[in-house]
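Worksheet: one structure, shown below.
So you know, we letter chains A, B, ... as the sequences are listed, proteins then strands, and number each from 1.
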Amino acid sequence: MNKTDALIIGAGPTGLFTAHQLKLIGLNCEIIDNLDKIGGQCIELYPDKPIYDIPAVPECTGEELTNNLLNQLKPFDIKFHLNERVDEVKKENDNWLVKTSGGNSFKTPNVIIAGGVGSFEPRKFSPKECEKFENKSLFYSVKNKSVFKGKTVSIFGGGDSALDWAIELSKDSNVNLIHRRDEFRGARATVNKMYELKKAGKINLFTKYQMSNVHGNEKIESIDIKHDNSEIQNLKSDYVLGFFGLIMQLGPIANWGLNLNKKTIEVDTEKFETNQKGIYAVGDICNYPGKLKLILSGFHEGALAARACFKLARPNEKYRFEFTTTSTNLLKRLGKKE
Amino acid sequence: MPKITYNTHDNETYTIEVQNGLTVMEGAVQNDIPGIDADCGGGMACATCHVYVKEDWFNKLPKKEDGEEDMLDMAFEPKPYSRLSCQIIVSDDLDGLEVNIPSKQA
Ligand SMILES: Cc1cc2nc3c(=O)[nH]c(=O)nc-3n(C[C@H](O)[C@H](O)[C@H](O)COP(=O)(O)OP(=O)(O)OC[C@H]3O[C@@H](n4cnc5c(N)ncnc54)[C@H](O)[C@@H]3O)c2cc1C
Ligand code: FES
């Protein structure tokens, strides 16, 4: 059981700056994110696109913004838990008990939800039958490639992940690569390599096909793929891999007893607290009259939520407002003064 | 104002006037038409504003820009007449446009 003054759900720009504000006022915090990397939408959806409306930063890309926020956190010791989704938030006396998909649990008086539009999850195949094979013989990511050795693997998708795995697995497995159109959006060199392997008979390529059904009992035995012109082919397959990118899903946040409005959480604008004491929502996921889904708004919301956390984490102390330029306390925490 | 018709997956039909310059996605969201999520707010980054354009309209629409087809790869059950509704800008030429909303966005 980890104990902390505040737990932040989401390592997007809002979660990162909120961590800065918490540490600055002397609270400790940990951050959990379902993605394997830090940065939320900025890093997952538009790392190379320039942003022009961050105050005092005329231009920076999603990736640069994330790196700058991380730099700003350098003076502080903050624990990140990546690749873990927060599944459960339950009240226990004056604390919240938080459990993650990675088996971690936390006890904290303050939970700050900076969850954006929800956690990033892999997009799945549409036929219902696919569900029962998930994580057994049908996967959306590869954890252990050795299981595919000598087997027939059908890979779906047209981006780098699908192409990279098709190329890699073609060394020791029989690979089918299936994509809904003729063009691939992977890197040029990767696409060319795949076509070479196809020519050499190492990859069986099916374009303008999509998944239509899976057959098998315990394990997948074969799949049906359907052409744009409705023709169906049956392919023998031991394993199926799908790489359709990620989608944001509100997911477990919907089950924590919070006041929801579509995919957002209602908060007050003083503490950014939800209808549950000690649970706050900041950034894209919160809603109040006039809410703007902008990064700069998330920073403001996080700063206020952090101050609200102080009361519950340090009930016997009084929070004092201070500037980073002039406060000895703050300068010490920032490592600028002995 | 041009009229746009949205058919939902459970056979509800909404015909509404959408101001020139708005997108077909915005027309749906502002009028609470169910089935278009538009998680990224029109940034061509989520594919949750996916629609099937009525066949006879498909070729009359301005062509897809770079990146839309890539994003459609990730949509739920894309078909030959699939578009991202946030990339279709309403104009007088589109008066009468009809789109079908898929059963799911994800
Ligand atoms: C294409 C595009 C362009 C944009 N351009 C601009 C711009 O120019 N200017 C601007 O200000 N804004 C822009 N935005 C919006 C901006 O990116 C968002 O406002 C910002 O990312 C919100 O930050 P956030 O930290 O609140 O949420 P996010 O960045 O969405 O991060 C939320 C994180 O929480 C995680 N999470 C959610 N639920 C859980 C859970 N249960 N367990 C674990 N982790 C969870 C998610 O995995 C995610 O990483 C743009 C957005 C897009 C898509
Ligand atoms: S609204 Fe996200 S791609 Fe159209």
Side-chain angles (χ1 to χ4, degrees), chain A residues 40-49 51 62 116-118 120-128 140 156-162 178-186 207-212 226-230 242-251 262-264 284-285 292-294, chain B residues 8-10 22-23 25-55 58-59 63-87 100-106:
Chain A
Q41 291 174 48
C42 302
I43 212 76
E44 185 57 39
L45 300 181
Y46 58 103
D48 305 322
K49 282 206 181 99
I51 311 171
V117 197
F120 283 99
E121 312 266 346
R123 292 173 202 258
K124 304 198 166 172
F125 287 105
S126 35
K128 264 227 141 337
Y140 296 102
F156 289 78
D160 281 314
S161 308
I178 302 119
H179 182 39
R180 64 170 272 264
R181 58 191 170 112
D182 284 329
E183 300 98 59
F184 286 83
R185 54 175 200 286
T207 55
K208 301 198 171 173
Y209 281 93
Q210 295 183 61
M211 174 69 102
S212 135
K226 190 174 174 186
H227 193 269
D228 273 359
N229 66 16
S230 293
F243 298 103
F244 307 112
L246 299 177
I247 184 154
M248 299 174 275
Q249 305 227 289
L250 194 54
K262 289 194 186 148
K263 292 180 179 177
T264 58
D284 274 15
I285 201 157
L292 288 177
K293 286 195 182 187
L294 285 179
Chain B
T8 69
H9 188 69
D10 22 87
L22 289 182
T23 64
M25 176 278 277
E26 288 168 315
V29 170
Q30 291 178 4
N31 290 284
D32 290 318
I33 295 173
I36 293 188
D37 294 350
D39 283 344
C40 78
M44 203 156 76
C46 73
T48 64
C49 62
H50 170 211
V51 295
Y52 306 121
V53 174
K54 262 279 160 77
E55 199 173 329
F58 190 78
N59 288 321
K63 292 274 162 302
K64 292 175 200 145
E65 285 206 31
D66 276 0
E68 182 174 342
E69 199 67 66
D70 288 351
M71 218 46 236
L72 278 170
D73 280 349
M74 303 184 192
F76 183 83
E77 294 190 340
K79 294 182 186 166
Y81 300 112
S82 286
R83 288 291 306 257
L84 295 177
S85 59
C86 71
Q87 301 301 310
N100 294 330
I101 300 175
S103 62
K104 285 209 281 186
Q105 289 292 351

*Taking the side chain as every heavy atom from C-beta outward, state whether B/Met74 and A/Ile247 have any atom pair closer than 4.5 Å.*
no

*Which answer fits A/Lys262, side chain, backbone, both or neither, if we ask what part of it has an atom under 4.5 Å from a heavy atom of chain B?*
side chain

*If contact means a heavy atom pair closer than 4.5 Å, which residues of residues 63-71 of chain B contact chain A?*
B/Glu69, B/Asp70, B/Met71

*Taking all atoms of both residues into account, what is the closest heavy-atom pair of A/Arg123 and B/Cys46, and its distance?*
NH2-O, 2.9 Å

*asked:* Is A/Lys263 in contact with chain B via its backbone, its side chain, both, or neither, using a 4.5 Å heavy-atom distance?
replied: side chain

*Heavy-atom distance under 4.5 Å between the side chains of A/His179 and B/Asp73, does that happen here?*
yes

*Does NE2 in B/His9 sit with more than 12 non-hydrogen atoms of other residues, nucleotides or ligands closer than 6.0 Å?*
no

*With distance as the sole test, does A/Gln41 use its side chain to make a donor-acceptor pair with the main-chain N or O of B/Cys40 at under 3.5 Å?*
no

*B/Glu77 and A/Ser126: which non-hydrogen atoms are nearest, and at how many Å?*
CG-OG, 3.1 Å

*Pick one of side chain, backbone, both or neither for B/Thr48, based on which atoms fall under 4.5 Å of a heavy atom in chain A.*
side chain

*asked:* Between A/Gln249 and chain B, with a heavy-atom cut-off of 4.5 Å, which part of the residue counts as in contact: side chain, backbone, both or neither?
replied: side chain

*Quick one: which residues of residues 29-38 of chain B reach chain A at under 4.5 angstrom, heavy atoms only?*
B/Asp32, B/Asp37

*Beyond-backbone contact of A/Gln210 with B/Pro78, side-chain heavy atoms, under 4.5 angstrom*: yes

_Exercise: identify the closest heavy-atom pair between B/Ala45 and A/Leu45_ = O-CD2, 3.5 Å

_Partner chain B: residue of A/Tyr46, A/Phe244, A/Phe184 with the largest heavy-atom pair count (under 4.5 Å)_ = A/Phe244

